[in-house]
Amino acid sequence: MDGDDSATLLIRERENFDERYAEVEAWNVPESDRYPDGVKYSFQYGEFDGDTIVRYDNFPDHPDAPHHHRHGEDGNVDGVEFDGVAALYRRFKSEVNDHGHDWN
């Protein structure tokens, strides 16, 4: 991460689908109160015009949200079970595919 030598990039990927995109980024970070699992991530699927369709992240300063959470197209923020970055990545890709994309 910018300026943080103790963070290690796990995955960074971007796919473009017509008017939409999917962007994935995950880092191993030192365990802390902000990132007790030792990982920081954001998986975003949205419109190029800026509208979010779905986003998973563990940004710790989101008001009234559990640490691991999902932002939906309807504006709701719900907690998610976190079984590791790989499992969440597979879940995210499945949701993107459910929107009619073939992202393998």
Side-chain angles (χ1 to χ4, degrees):
M1 291 174 13
D2 298 326
D4 187 353
D5 293 337
S6 59
T8 304
L9 183 65
L10 295 172
I11 185 170
R12 179 181 286 152
E13 186 173 352
R14 182 180 174 101
E15 288 288 328
N16 294 326
F17 310 103
D18 300 318
E19 303 295 320
R20 296 178 175 176
Y21 71 94
E23 192 166 53
V24 173
E25 191 168 294
W27 296 83
N28 269 335
V29 297
E31 290 183 13
S32 66
D33 289 341
R34 292 180 61 78
Y35 298 103
D37 298 297
V39 65
K40 179 180 179 179
Y41 63 86
S42 176
F43 302 166
Q44 170 87 14
Y45 173 61
E47 305 275 350
F48 284 122
D49 67 7
D51 290 341
T52 296
I53 297 169
V54 65
R55 180 174 72 242
Y56 289 88
D57 68 70
N58 64 337
F59 182 65
D61 297 331
H62 195 287
D64 302 321
H67 189 69
H68 299 281
H69 54 270
R70 178 190 182 276
H71 301 256
E73 192 170 11
D74 57 7
N76 288 338
V77 179
D78 300 304
V80 296
E81 194 73 31
F82 182 73
D83 295 321
V85 170
L88 193 59
Y89 176 65
R90 285 190 301 273
R91 177 178 172 176
F92 175 72
K93 283 185 83 166
S94 177
E95 281 194 62
V96 171
N97 287 334
D98 288 346
H99 280 86
H101 303 295
D102 183 21
W103 186 23
N104 296 313

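Remember, predicted model here, so these are calculated numbers, not experimental data.
Across all their heavy atoms, S6 and P30 have their closest contact at OG-CG, 3.4 Å. R20 approaches E47 most closely through the heavy-atom pair NE-OE2, 2.8 Å. Between A65 and V77, the shortest heavy-atom contact is CB-CG1, 3.7 Å. The two residues F92 and V54 have their closest heavy-atom pair at CE1-CG1, 4.0 Å. Heavy atoms only, all atoms of each residue included: V39 and V29 are closest at N-CG2, 3.7 Å. Closest non-hydrogen pair, V96 versus F17, comes out as CG1-CE1, 3.8 Å.
Rounded to the nearest 0.5 Å, atoms NE2 (H69) and CZ (R55) are 6.5 Å apart. With values rounded to the nearest 0.5 angstrom, K40 atom NZ is found 13.0 Å from N28 atom CG. Taken to the nearest 0.5 Å, the CD1 atom of I53 stands 5.5 Å off from the CD atom of E73.
Taking 4.5 Å as the limit, some side-chain heavy atom of L88 sits within range of a side-chain heavy atom of F43. A heavy-atom distance below 4.5 Å is not found between the side chains of Y56 and H68. Taking 4.5 Å as the limit, every side-chain heavy atom of W27 sits out of range of all side-chain heavy atoms of Y35. Side-chain contact between E13 and E15: present, with at least one pair of heavy atoms (C-beta onward) separated by less than 4.5 Å. Contact check for Y41 versus I11: no side-chain heavy atoms found under the 4.5 Å cut-off. Here the side chains of E25 and L9 are in contact, with some heavy-atom distance below 4.5 Å.
A continuous path of Ile, Leu, Val, Met, Phe, Trp and Tyr side chains, each step under 4.5 Å between heavy atoms, connects Y89 with V80, placing both in one hydrophobic cluster.
At a cut-off of 3.5 Å, with distance as the only test, no side-chain donor of D78 or N76 sits close to an acceptor on the other residue.
Classification of the Y45-H101 ring pair by plane angle, with boundaries at 30° and 60°, yields perpendicular.
Around atom CG of D33, no more than 12 heavy atoms belonging to other residues, nucleotides or ligands sit under 6.0 Å away. For D74, the CG atom counts as densely surrounded, since its 6.0 Å shell holds more than 12 non-hydrogen atoms of other residues, nucleotides or ligands.
The main-chain N or O of N104 is found under 3.5 Å from a side-chain atom of K93 such that the two form a donor-acceptor pair. The main-chain N or O of W103 is found under 3.5 Å from a side-chain atom of N97 such that the two form a donor-acceptor pair.
Under 4.0 Å is where a charged nitrogen must lie from a carboxylate oxygen, and between E95 and R70 at least one such pair does.
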Evaluation steps, side-chain contact (heavy atoms from CB on, under 4.5 Å), between H71 and D57: CA-CA 8 Å; H71 301 256; D57 68 70; 3.1 Å; yes

